[in-house]
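Report on the following structure.
Per chain, numbering begins at 1; letters A, B, ... match sequence-line order.
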Number of protein chains: 2
Amino acid sequence: MFYLIGLGLGDIKDITVKGLEIVKQCSRVYLEMYTSILGCSLEDMQEFYGRPLLLADRDLVEQGADEILAGAGESDVALLVVGDPFGATTHTDFILRAKEKNIPYKVIHNASIMNAIGCCGLQLYKFGETVSIPYWDETWKPDSFYDKIKLNRLHNMHTLCLLDIKVKEPTPESLMRKRKEYMPPRFMSVAEAAQQLLTIVEKKDALERNTVLNEQSLCVGLARVGQDTQQIVVSTLHGMRATDLGGPLHSLIIPAKEMHPLEVEFLQQYAANIKLDDYNH
Amino acid sequence: MFYLIGLGLGDIKDITVKGLEIVKQCSRVYLEMYTSILGCSLEDMQEFYGRPLLLADRDLVEQGADEILAGAGESDVALLVVGDPFGATTHTDFILRAKEKNIPYKVIHNASIMNAIGCCGLQLYKFGETVSIPYWDETWKPDSFYDKIKLNRLHNMHTLCLLDIKVKEPTPESLMRKRKEYMPPRFMSVAEAAQQLLTIVEKKDALERNTVLNEQSLCVGLARVGQDTQQIVVSTLHGMRATDLGGPLHSLIIPAKEMHPLEVEFLQQYAANIKLDDYNH
């Protein structure tokens, strides 16, 4: 059997009881750590599980399905992923590869950022399409996520913005070489995301800035959701640009213009300098 | 400390290791079972946790916050809820009541239907606003959820439809009496949901039926997501009307018209009689 096990978002003890039992009984257990990160070290996890873990980096997960799935028809193999197994396309693809090989599989669900962001008090059912904000570089500045935020805003839906993660990215110089060299990991902060959004907004005309998004629009910054050091800050986009929420991972929410009174009351806890009741956002 | 602990969707062992440790150490533990249901009995849970549980029914959760929170400033009290604690507005409200009383709180996240529906292979980030389909009766047939599905369809987003649950609903006759009597619990099936959707669609004009939704449109029926008896079926809305997925809970998804090839490949597993590759939905 091949098990795809979600680890949740917080620490070592956010694995489910069922997940832990499976981890202990498998012949091989892989840990995938590049689509997201957990607030604990590999050593802590190995000690807690009482067994060694095999690290599955980006190359192995994306190209090494054969290696990971080897023998999973006869004995039990598990792949541990941060959050829920269906949070990343790579894992859906992985299950299809198992099916192709006639290997039975089982998924152990857990919390992921897609449902845990409810912790800020915004109701999950009112979120529209989720967007990803990618790191810009000198020549590549994609902004198609803005149109999705706009659509959600115009139809009174919240938007969750997932912020870019660059882990095990080969340096441009080493791309063609046999032995790749990797850049240090980077995790986009809410300040960087707000800055990129404002750069896009500043090019729009006055009407659009009034009806869709401007630097006075409210946003919610979240850091390390589900961990003990979780932080939530409600601010204007302008203010978020200068907000430091500490270590990764960060997420940004652009709330709908009209919120339920309960949503407003909950968000107010995190809005130090803004009175949300009469804020015209 | 007041703990709000998510139980996930499957069975007794879907609680996290952290959640289980807290349950064992609390002075009082309440179990809320009316906003959703789990695939195990109260007795099984008490035996697994090695402690008694207090049942929190709808009246207690909605009006008895004082009773549940009593003493949580000095000792530890937990409220267990199916799925993730932020899945229902009631729980968000509960946290605000704790804050009012200066009772510190902690949330233990878990999987909920809002992220576990990824199990059908449709990518979570492509879901638009979630809708709830309520039971109709003779005089009350609300259909505002249709407009949300329409908006999602026109902008190429999937729609998750949460289906109505009626648990501990007072009978109309006993509403005014001191001692309420309750109707047997009801859980809407995918067949009932498809029937209600088609009733709405049949009143629309030909243009709308061609561009938005008609009886040949694809839908995904899911039952008991996260449990061992989980079932997923891909069918037309017409076919779903006659599909029996067994016991509760059921959910229905109306997919976007354009899907990613990986989404199509994954859904194909559950579409016995339809070749999705060249299906014009």
Side-chain angles (χ1 to χ4, degrees), chain A residues 6 8-21 48 83-87 89 92-93 95-96 99 106-121 123-132 148 151-152 155-157 160 162 225-226 228 260 262-263 265-266 269, chain B residues 6 8-21 48 83-87 89 92-93 95-96 99 106-121 123-132 148 151-152 155-157 160 162 225-226 228 260 262-263 265-266 269:
Chain A
L9 295 172
D11 59 37
I12 223 163
K13 291 184 174 174
D14 283 306
I15 192 170
T16 65
V17 172
K18 192 185 284 172
L20 183 60
E21 286 181 1
F48 180 69
D84 184 73
F86 288 104
T89 322
T92 318
D93 190 55
I95 290 174
L96 287 172
K99 285 218 78 152
K106 199 162 180 178
V107 171
I108 309 297
H109 289 288
N110 210 320
S112 65
I113 191 69
M114 302 298 283
N115 70 340
I117 34 121
C119 65
C120 71
Q123 292 301 307
L124 288 177
Y125 65 89
K126 282 189 61 190
F127 279 77
E129 189 167 355
T130 303
V131 307
S132 292
K148 293 179 181 173
L151 182 75
N152 288 342
H155 294 97
N156 214 36
M157 296 185 265
L160 168 63
L162 301 174
V225 168
D228 281 338
H260 187 278
L262 199 63
E263 293 181 313
E265 190 184 349
F266 210 97
Q269 307 174 65
Chain B
L9 295 172
D11 59 36
I12 223 163
K13 291 185 174 172
D14 283 306
I15 192 170
T16 65
V17 173
K18 192 186 285 172
L20 183 60
E21 286 182 359
F48 181 68
D84 184 73
F86 288 104
T89 322
T92 318
D93 191 53
I95 290 174
L96 287 172
K99 284 218 80 153
K106 199 162 179 179
V107 171
I108 309 297
H109 288 288
N110 210 320
S112 64
I113 191 69
M114 302 299 283
N115 70 341
I117 35 122
C119 65
C120 71
Q123 291 301 306
L124 288 177
Y125 66 88
K126 281 189 62 190
F127 278 78
E129 189 168 355
T130 303
V131 307
S132 292
K148 293 179 182 173
L151 182 75
N152 288 342
H155 294 99
N156 214 35
M157 296 185 264
L160 167 63
L162 301 174
V225 168
D228 280 339
H260 186 277
L262 200 62
E263 293 182 312
E265 191 182 349
F266 210 96
Q269 306 173 65

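Between chain B and the residues A:M114, A:H260, A:E129, the most heavy-atom pairs under 4.5 angstrom are made by A:E129. Most heavy-atom pairs under 4.5 Å with chain A, from the set B:G121, B:G8, B:G226, B:G118: that is B:G118. When the candidates A:D11, A:L162, A:I108, A:N152 are compared by the number of heavy-atom contacts under 4.5 Å with chain B, A:D11 comes out ahead. Contacts with chain B were tallied for A:V225, A:V131, A:T89; A:T89 has the most, counting heavy-atom pairs under 4.5 Å.
For B:K148, no part sits under 4.5 Å from any heavy atom of chain A, backbone or side chain. For a residue to count as touching a neighbouring chain, one of its non-hydrogen atoms must lie under 4.5 Å from one of that chain's; by this rule A:L20 touches chain B with the side chain only. For a residue to count as touching a neighbouring chain, one of its non-hydrogen atoms must lie under 4.5 Å from one of that chain's; by this rule B:F127 touches chain A with the backbone only. For B:Q123, the part sitting under 4.5 Å from any heavy atom of chain A is the side chain, from C-beta outward, and nothing else. In this structure, chain A has heavy atoms under 4.5 Å from both the backbone and the side chain of B:L124. Proximity to chain A (any heavy atom under 4.5 Å) is shown, for B:E263, by neither the backbone nor the side chain.
For the pair A:L151/B:M157, a side-chain contact is recorded, criterion being any heavy-atom separation below 4.5 Å from C-beta on.
Within the model, atoms CG of B:D228 and NZ of A:K106 stand 4.0 Å from one another, a figure rounded to the nearest 0.5 Å. How far CG of B:L160 is from OH of A:Y125: 13.5 Å, rounded to the nearest 0.5 Å. A:Q269 CD to B:L96 CG: the interatomic distance, rounded to the nearest 0.5 Å, is 6.0 Å.
Here the shortest heavy-atom pairing between B:V17 and A:F48 reads CG1-CZ, 3.8 Å. In terms of heavy atoms, B:K13 sits closest to A:T16 at O-CB, 3.8 Å. Between A:H109 and B:A116, the closest heavy-atom pair is CE1-O, 3.6 Å.
Classification of the A:F266-B:F86 ring pair by plane angle, with boundaries at 30° and 60°, yields perpendicular.
Distance alone, capped at 3.5 Å, is enough to place a donor-acceptor pair between the B:N115 side chain and the A:N110 backbone.
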